[in-house]
J.: 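What follows is a structure written as structure tokens; I'll ask about it next.
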Protein chains: 2
Amino acid sequence: MTSPAAGKPIRTAITDEDGIDFAIIELFFFAYRDFTSDPDQILADYGFGRAHHRVLHFVNRRPGLTVAELLDVLKITKQSLARVLKQLIDTDHIVQLQGPRDRRQRELYPTAKGRALALALARPQSRRIRAALEDSGTADRASIERFLEAMVNPELRAQIDIVPAQTSGKKNGDH
Amino acid sequence: MTSPAAGKPIRTAITDEDGIDFAIIELFFFAYRDFTSDPDQILADYGFGRAHHRVLHFVNRRPGLTVAELLDVLKITKQSLARVLKQLIDTDHIVQLQGPRDRRQRELYPTAKGRALALALARPQSRRIRAALEDSGTADRASIERFLEAMVNPELRAQIDIVPAQTSGKKNGDH
DNA sequence: AAATTACGTCAACAGTACTGACATAATCCC
DNA sequence: GGGATTATGTCAGTACTGTTGACGTAATTT
């Protein structure tokens, strides 16, 4: 049961000693797990995974973004993106257009099919958020939004707020 | 560039039409990504991954939990847990004790080494949370906690709150 | 014309998850 | 007592997502 040189078991639960906020750490894990479980179920019907969802999401949010910009947002390598993006293009969820200024670039746009899937995936997530905001009562949307934004690395906050609420895509002022 | 029967590109960004809360959906993605990046860096030094972190976290939070209980909290299969748990035991971060009542069970406890690593991993996460709470100003801790808890599937909320704040482990009233 | 950039692709590998099958020991129940 | 069930462990195969490294091509920059 216990190996030869095994350390002694600690029988007391870890406490909030050192001011460690275990409650929220744990809550964040559970919340994110369930948050992603809704779209995961839908994606399975398409043979897609979470990576496809992320690509689809950002292409719909910033139509016309280039491959390099997408890589920068997702923080993955191009080899990792390649497989996923190829599948989304082959299944006609996303199309590539040659960049108008720089013909080396590939601007990514959703098709009607890709737009529809993005919406279908976001719907249960949005429903969950709305319900959580209601259930938690007092918490107003803005304060949750501010908290989540503050959780993001400062250098990377530029990636957020790129979408100007209503107006159309092609508005990438970064890089 | 465009394949034969490709759909037409949609050039407008997806809107908050249909009442979809894209802002918070996206924020949640960025926040969780950065939230996990801190411990990921530390884990790399040990040759561990995120799965090790989760096991270590819950064994420290509920010392004496059984393998079955751990599987239930993590919502993974025993085959998936096996490798990770074995490594943590082999490296003397966790020890197993035969269950006192039911000798088939294996109660999991952290060693001093495992406790120390769990704390080291939680520290930057807690720091990030504290900073985010401060930065976001108004948002009081309790409302964030309530929101995150409300994001979790109702059936699974029992898993939370198991740890009674200060008292020791062995208090698993579920199942 | 040479260097750099944007993108694509091939190959190998790691980490985490899954399903299915089978083994062992301990407990439960008739 | 003895068969069924339960808790755990393990073997084998597979999928998805990510990595590094290398190389190729076309377009732009210098």
J.: Taking NZ, NE, NH1 and NH2 as the nitrogens, is one of them in A:Arg157 or A:Glu149 under 4.0 Å from a carboxylate oxygen of the other?
T.: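 No, A:Arg157 and A:Glu149 are not salt-bridged.
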
J.: Specify the separation, in whole Å, of atom CZ of A:Arg50 and atom P of C:dT16.
T.: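 It works out to 14 Å between those atoms.
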
J.: Less than 3.5 Å apart, which donor and acceptor atoms pair up between the side chains of residues 41-50 of chain A and the rest of the protein, not counting sequence neighbours?
T.:
from	atom 1	to	atom 2	distance (Å)
A:Arg50	NE	A:Asp40	OD1	3.4
A:Arg50	NE	A:Asp40	OD2	3.3
A:Arg50	NH2	A:Thr36	OG1	3.3
A:Arg50	NH2	A:Asp40	OD2	2.6

J.: Hey, what bend do you get for the helix from C:dA1-D:dT30 to C:dC30-D:dG1 if you fit axes on five pairs at each end, rounded to 10°?
T.: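 Axis angle across the helix from C:dA1-D:dT30 to C:dC30-D:dG1, nearest 10°: 20°.
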
J.: In whole angstrom, what separates A:His53's NE2 from D:dC16's P?
T.: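 A:His53 atom NE2 is separated from D:dC16 atom P by 17 Å.
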
J.: Table please: side-chain donor-acceptor pairs of residues 80-89 of chain A below 3.5 Å, with sequence neighbours left out.
T.:
from	atom 1	to	atom 2	distance (Å)
A:Lys86	NZ	A:Asp90	OD2	3.3
A:Gln87	OE1	A:His52	NE2	3.0

J.: Does C:dC18 have its OP1 or OP2 closer than 4.0 Å to a side-chain nitrogen or oxygen of B:Ser80?
T.: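 Checking B:Ser80 against C:dC18: at least one side-chain N or O falls below 4.0 Å of OP1 or OP2.
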
J.: Take atom CG of A:Leu81 and atom P of D:dT19, then tell me their distance rounded to the nearest Å.
T.: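 Nearest whole value for this atom pair: 10 Å.
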
J.: When you check the gap from the basic side-chain N to the acidic O, do A:Glu69 and A:Arg62 get nearer than 4.0 Å?
T.: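 A:Arg62 and A:Glu69: not salt-bridged.
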
J.: Provide, to the nearest angstrom, the distance between the CZ atom belonging to B:Arg33 and the P atom belonging to D:dT17.
T.: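 For the pair B:Arg33 CZ and D:dT17 P, the rounded distance is 17 Å.
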
J.: Rounded off to whole Å, could you give me the CG-to-P distance for the A:Leu108 and C:dA6 pair?
T.: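 A:Leu108 atom CG is separated from C:dA6 atom P by 14 Å.
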
J.: Among side-chain atoms of B:Asp140 and B:Ser143, is any donor-acceptor pair under 3.5 angstrom?
T.: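 Their side chains do contain a donor-acceptor pair, which is all the 3.5 Å distance test asks for.
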
J.: Is the shortest side-chain N/O distance from A:His52 to OP1 or OP2 of D:dT17 below 4.0 Å?
T.: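 Answer yes for this pair, as a side-chain N or O of A:His52 is under 4.0 Å from OP1 or OP2.
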
J.: Between protein and nucleic acid, restricted to nucleotides 8-12 of chain D and to nitrogen or oxygen atoms under 3.5 Å apart, what atom pairs and distances do you find?
T.:
from	atom 1	to	atom 2	distance (Å)
D:dT8	OP1	B:Val67	N	3.4
D:dT8	OP1	B:Arg106	N	3.2
D:dT8	OP2	B:Ala68	N	2.8
D:dT8	O4	B:Lys78	NZ	3.1
D:dG9	OP1	B:Gln96	NE2	2.8
D:dG9	N7	B:Lys78	NZ	3.3
D:dG9	O6	B:Lys78	NZ	2.3

J.: Looking only at non-hydrogen atoms, find the nearest pair between B:Arg128 and B:Ser37 and report the distance.
T.: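 Closest approach of B:Arg128 to B:Ser37: NH2-OG, 4.1 Å.
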
J.: Does anything in residues 39-47 of chain A reach DNA chain D, meaning a heavy atom under 4.0 Å, and if so which residues?
T.: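 Residues of residues 39-47 of chain A that come under 4.0 Å of DNA chain D do not exist, since none gets that close.
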
J.: Using side-chain heavy atoms (C-beta onward) and a distance below 4.5 Å, is A:Ile144 in contact with A:Leu133?
T.: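 Touching, per the 4.5 Å side-chain cut-off.
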
J.: Say whether B:Tyr109 and A:Ile10 are linked into one hydrophobic cluster, either directly or through other cluster members, by side-chain heavy-atom distances under 4.5 angstrom.
T.: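 No: no chain of side-chain contacts under 4.5 Å links B:Tyr109 to A:Ile10.
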
J.: Answer yes or no: is there a side-chain heavy-atom contact under 4.5 Å between A:Arg61 and A:Pro110?
T.: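 A side-chain contact under 4.5 Å is absent here.
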
J.: Let me spell it out: for each of A:Pro100 and A:Arg83, pick the nucleotide of DNA chain D with the closest heavy atom. Which residue's pick is nearer the 5' end?
T.: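 Result: A:Arg83.
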
J.: Assess whether a salt bridge exists between B:Asp21 and A:Arg130, defined as any Lys/Arg side-chain N lying under 4.0 Å from an Asp/Glu carboxylate O.
T.: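 The answer is no: the pair does not qualify as a salt bridge.
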
J.: Separation of A:Leu74 atom CG from D:dC16 atom C1', in whole Å?
T.: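 Spelled out: CG on A:Leu74 to C1' on D:dC16 is 16 Å.
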
J.: Quick check: closest heavy atoms across B:Ile25 and A:Gln125, and the distance to 0.1 Å?
T.: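 Shortest heavy-atom separation between B:Ile25 and A:Gln125 comes out as CG2-OE1, 3.6 Å.
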
J.: Tell me every residue that passes ring pair (Phe, Tyr, Trp, His ring centres under 6.0 Å) with B:Phe58, counting only those two or more places apart in sequence or in another chain.
T.: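 Applying ring pair (Phe, Tyr, Trp, His ring centres under 6.0 Å) to B:Phe58 gives A:Phe29, A:Phe30.
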
J.: D:dT19, OP1 or OP2 - any side-chain N/O from A:Thr77 closer than 4.0 Å?
T.: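 A:Thr77 to D:dT19 OP1/OP2: side-chain N or O found under 4.0 Å.
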
J.: Please report, rounded to the nearest Å, how far the C1' atom of C:dT9 is from the CD atom of A:Gln87.
T.: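 Result: 15 Å.
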
J.: Which whole-number value in Å describes the distance from A:Arg103 CZ to D:dT25 C1'?
T.: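 That distance rounds to 14 Å.
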
